[in-house]
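What follows is a single structure, written as structure tokens, with notes after it.
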Protein chains: 2
Amino acid sequence: MPAELEPIKRNFIEGLSRISHFWGFPKSMGAIFAVLYLSPAPLSLDDLVAQTGFTKGAISASVRALARLALVHRQTKLGDRKDYYVAETDFYKASRTILKGRENSEFDRAITSVRETLTELKAAAAAAEDAELQFLLERVQALQDFFDALDALTSAIARLQNLGLPTIQKVLSILK
Amino acid sequence: MPAELEPIKRNFIEGLSRISHFWGFPKSMGAIFAVLYLSPAPLSLDDLVAQTGFTKGAISASVRALARLALVHRQTKLGDRKDYYVAETDFYKASRTILKGRENSEFDRAITSVRETLTELKAAAAAAEDAELQFLLERVQALQDFFDALDALTSAIARLQNLGLPTIQKVLSILK
DNA sequence: AACTTTGTTTAGTAAGTTCTAAACGCACAA
DNA sequence: TTGTGCGTTTAGAACTTACTAAACAAAGTT
């Protein structure tokens with residue numbers, strides 16, 4: 001193996017760390033995924049400690065978060081008490097899983113409160129005729145429609161069995 | 001105007017604050033947008049202070065951030081030294097603007113470093129034959145392909161003149 | 001000129017996050 | 001039982017961020 005390979009890997013790991021941070025995740029998650037993604041073999045928690053420089057505790061937490069996102073998978077070898085981890089290589093599959101998990105999130109609770117606002121406004125509008133109320137109703141309805149469209153889109157994607165390049169290209173051709 | 005309208009508005013404002021926070025923006029941005037969105041008339045900075053409870057400084061900063069995202073627009077009245085702000089009501093238009101602005105972001109610098117990794121690996125592969133190097137090359141290439149697909153998709157959306165419900169529905173029918 | 005009215009900038013604070021270091025719990029081994 | 005190797009949990013340190021309060025700058029008014 002060429003000796004100058006190590007700095008290249010390091011740069012890659014750094015890059016994924018930054019991406020992870022950008023999306024609001026800890027940098028350690030990006031780093032861990034990068035190390036696993038570049039490894040031909042499953043890695044133990046201690047391997048990850050050695051290759052990332054983070055402590056066991058941090059790795060333990062981040063690797064669990066990654067597993068929840070289905071970006072890494074936990075393996076066990078018979079007769080070996082260690083856990084081993086591998087990176088998911090099908091990014092479309094991972095995207096789908098993440099989109100699916102979205103429902104339980106804080107985000108959905110937030111947009112639920114918008115929907116609540118809408119129903120309350122409708123109730124008020126049924127009781128009394130009022131110009132401002134009508135205005136509010138239209139506005140909140142428009143926002144709700146937008147959220148619904150987004151939701152329809154993402155859940156349609158999440159439902160796809162085989163999201164992949166072909167699908168993306170088909171969509172791209174529509175958008176032309 | 002019905003008296004019980006105020007708590008409904010408050011709940012809506014709260015909801016958008018949470019959404020804002022979820023997407024990694026300050027809660028004040030969500031609150032300010034919500035107040036503007038529910039207002040039939042443009043509001044001054046002091047109006048926003050009164051209706052959100054944040055201080056002038058905070059509002060000044062957040063409203064500028066919102067304007068950069070084209071989610072609110074600044075207006076001036078002749079003979080009035082105050083600035084007035086209105087909410088953008090075309091969310092598809094705003095989405096497009098946001099997607100366009102993405103290019104200059106930290107995110108793009110990050111995925112550039114992945115692209116760098118790839119070219120470096122290719123250079124190394126040209127110089128020497130090596131099994132692990134080949135493995136790395138394939139993996140990084142696959143990730144790059146995924147990023148490129150995402151990039152093609154978002155920039156195609158950003159380029160659309162009239163992203164809207166009809167377009168979304170057309171895409172949805174494809175994904176069936 | 002001096003005073004008002006506006007928006008912006010800055011110093012400092014409070015709160016939330018990510019990480020480390022170390023204690024802990026658990027399962028297996030001797 | 002005691003010891004060992006593993007992952008998890010916890011207390012706290014270092015850092016980041018959003019916000020307040022107050023000084024400041026710019027422009028209009030008197």
Side-chain angles (χ1 to χ4, degrees), chain A residues 13-14 16-36 42-69 72-86 105-106 110, chain B residues 13-14 16-36 42-69 71-86 105-107 110:
Chain A
I13 295 168
E14 178 82 16
L16 287 207
S17 296
R18 299 235 303 274
I19 290 175
S20 177
H21 180 67
F22 178 84
W23 289 110
F25 300 107
K27 285 189 286 188
S28 57
M29 282 177 64
I32 292 168
F33 179 83
V35 166
L36 288 174
L43 297 181
S44 71
L45 201 149
D46 285 327
D47 293 334
L48 290 172
V49 169
Q51 293 202 34
T52 63
F54 290 102
T55 55
K56 264 200 314 179
I59 305 260
S60 172
S62 286
V63 101
R64 209 144 34 88
L66 282 167
R68 217 176 306 128
L69 295 176
V72 314
H73 303 287
R74 184 174 243 148
Q75 290 183 351
T76 58
K77 295 180 182 173
L78 301 110
D80 188 338
R81 283 160 54 198
K82 285 182 183 168
D83 292 343
Y84 290 87
Y85 302 93
V86 282
S105 71
E106 175 66 23
Chain B
I13 295 168
E14 179 82 15
L16 288 207
S17 295
R18 300 235 302 274
I19 291 176
S20 178
H21 180 68
F22 178 84
W23 289 110
F25 300 107
K27 284 189 287 185
S28 57
M29 282 177 64
I32 292 168
F33 179 83
V35 167
L36 288 174
L43 297 181
S44 71
L45 201 148
D46 285 326
D47 294 334
L48 290 172
V49 169
Q51 294 202 33
T52 63
F54 291 101
T55 55
K56 265 201 312 180
I59 305 261
S60 173
S62 285
V63 100
R64 209 143 34 87
L66 282 167
R68 217 177 305 127
L69 296 176
L71 279 168
V72 314
H73 304 287
R74 182 174 246 146
Q75 290 184 350
T76 59
K77 294 181 182 172
L78 300 110
D80 188 340
R81 284 158 55 197
K82 287 181 181 166
D83 292 343
Y84 290 87
Y85 303 93
V86 283
S105 72
E106 175 68 20
F107 176 66

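Here is how names work: the chains are called A, B, and so on, in the same order as the sequence lines, proteins then strands, and each is numbered from 1. All values below come from the heavy atoms of this structure, side chains included, with hydrogens, waters and symmetry mates left out.
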*Does B:Ser60 have a side-chain nitrogen or oxygen under 4.0 Å from the phosphate oxygens OP1 or OP2 of C:dG7?*
no
*Of all residues at least two apart in sequence or in a different chain, which pass the salt bridge (charged side-chain N to carboxylate O under 4.0 Å, His left out) check with B:Asp83?*
B:Arg74
_Quick check on D:dT9: is either OP1 or OP2 less than 4.0 Å from any side-chain nitrogen or oxygen of A:Arg64?_
yes
*Working for side-chain contact (heavy atoms from CB on, under 4.5 Å), residues B:Asp46 and B:Lys82*: CA-CA 9 Å; B:Asp46 285 326; B:Lys82 287 181 181 166; 4.2 Å; yes
*asked:* In this structure, how many angstroms lie between the C1' atom of C:dT5 and the NZ atom of B:Lys77, rounded?
replied: 16 Å
*Over how many whole Å does the gap from A:Leu48 atom CG to D:dC6 atom C1' extend?*
14 Å
*Expressed in angstrom and rounded to an integer, what is the separation of A:Tyr84 atom OH from D:dG7 atom P?*
9 Å
*In whole angstrom, what separates B:Gln75's CD from C:dG7's C1'?*
17 Å
*Start with the C-alpha gap between A:Leu45 and A:Val63, add the side-chain angles, then the distance that decides, and say whether side-chain contact (heavy atoms from CB on, under 4.5 Å) holds.*
CA-CA 9 Å; A:Leu45 201 149; A:Val63 101; 5.6 Å; no
*Take the protein atom CZ of B:Phe22 and the nucleotide atom C1' of D:dA18, then report the distance between them rounded to whole Å.*
19 Å
*With the sugar-phosphate defined as primed atoms, P, OP1 and OP2, and the base as all remaining atoms, what B/S/- string results for nucleotides 22-30 of chain D, 5' to 3', for protein heavy atoms under 4.0 Å?*
-----BS--
*CD1-CG distance between A:Ile13 and A:Leu36, expressed to the nearest 0.5 angstrom*: 10.0 Å
Under 3.5 Å donor-acceptor pairs involving side-chain atoms of residues 19-31 of chain B, not counting sequence neighbours:
unit_1	atom_1	unit_2	atom_2	d
B:Ser20	OG	B:Pro26	O	2.7
B:Ser20	OG	B:Gly30	N	3.4
B:Ser28	OG	B:Ser62	OG	2.8

Going by atom type alone, with no hydrogens or angles, which donor-acceptor pairs under 3.5 Å involve a side-chain atom of residues 52-61 of chain A and a protein atom two or more places apart or on another chain?
unit_1	atom_1	unit_2	atom_2	d
A:Thr52	OG1	A:Leu48	O	2.7
A:Thr52	OG1	A:Phe54	N	3.3

*Roughly how many Å is it from NZ in A:Lys82 to P in C:dC28, rounded to a whole number?*
17 Å
*Send over the distance from A:Asp80 CG to C:dC28 C1', rounded to a whole Å.*
13 Å
*Counterpart residues, ring pair (Phe, Tyr, Trp, His ring centres under 6.0 Å), relative to B:Phe33 (two or more places apart)*: B:Tyr37
*Which heavy-atom pair separates A:Pro42 from A:Tyr84 by the least distance, and what is that distance?*
CB-CB, 3.7 Å
Could you pull out the protein-nucleic contacts involving nucleotides 17-19 of chain C (nitrogen or oxygen on both sides, under 3.5 Å)?
unit_1	atom_1	unit_2	atom_2	d
C:dC19	OP1	A:Ser28	N	3.3
C:dC19	OP2	A:Ser28	OG	2.7

*Send over the distance from A:Leu43 CG to D:dG7 C1', rounded to a whole Å.*
16 Å
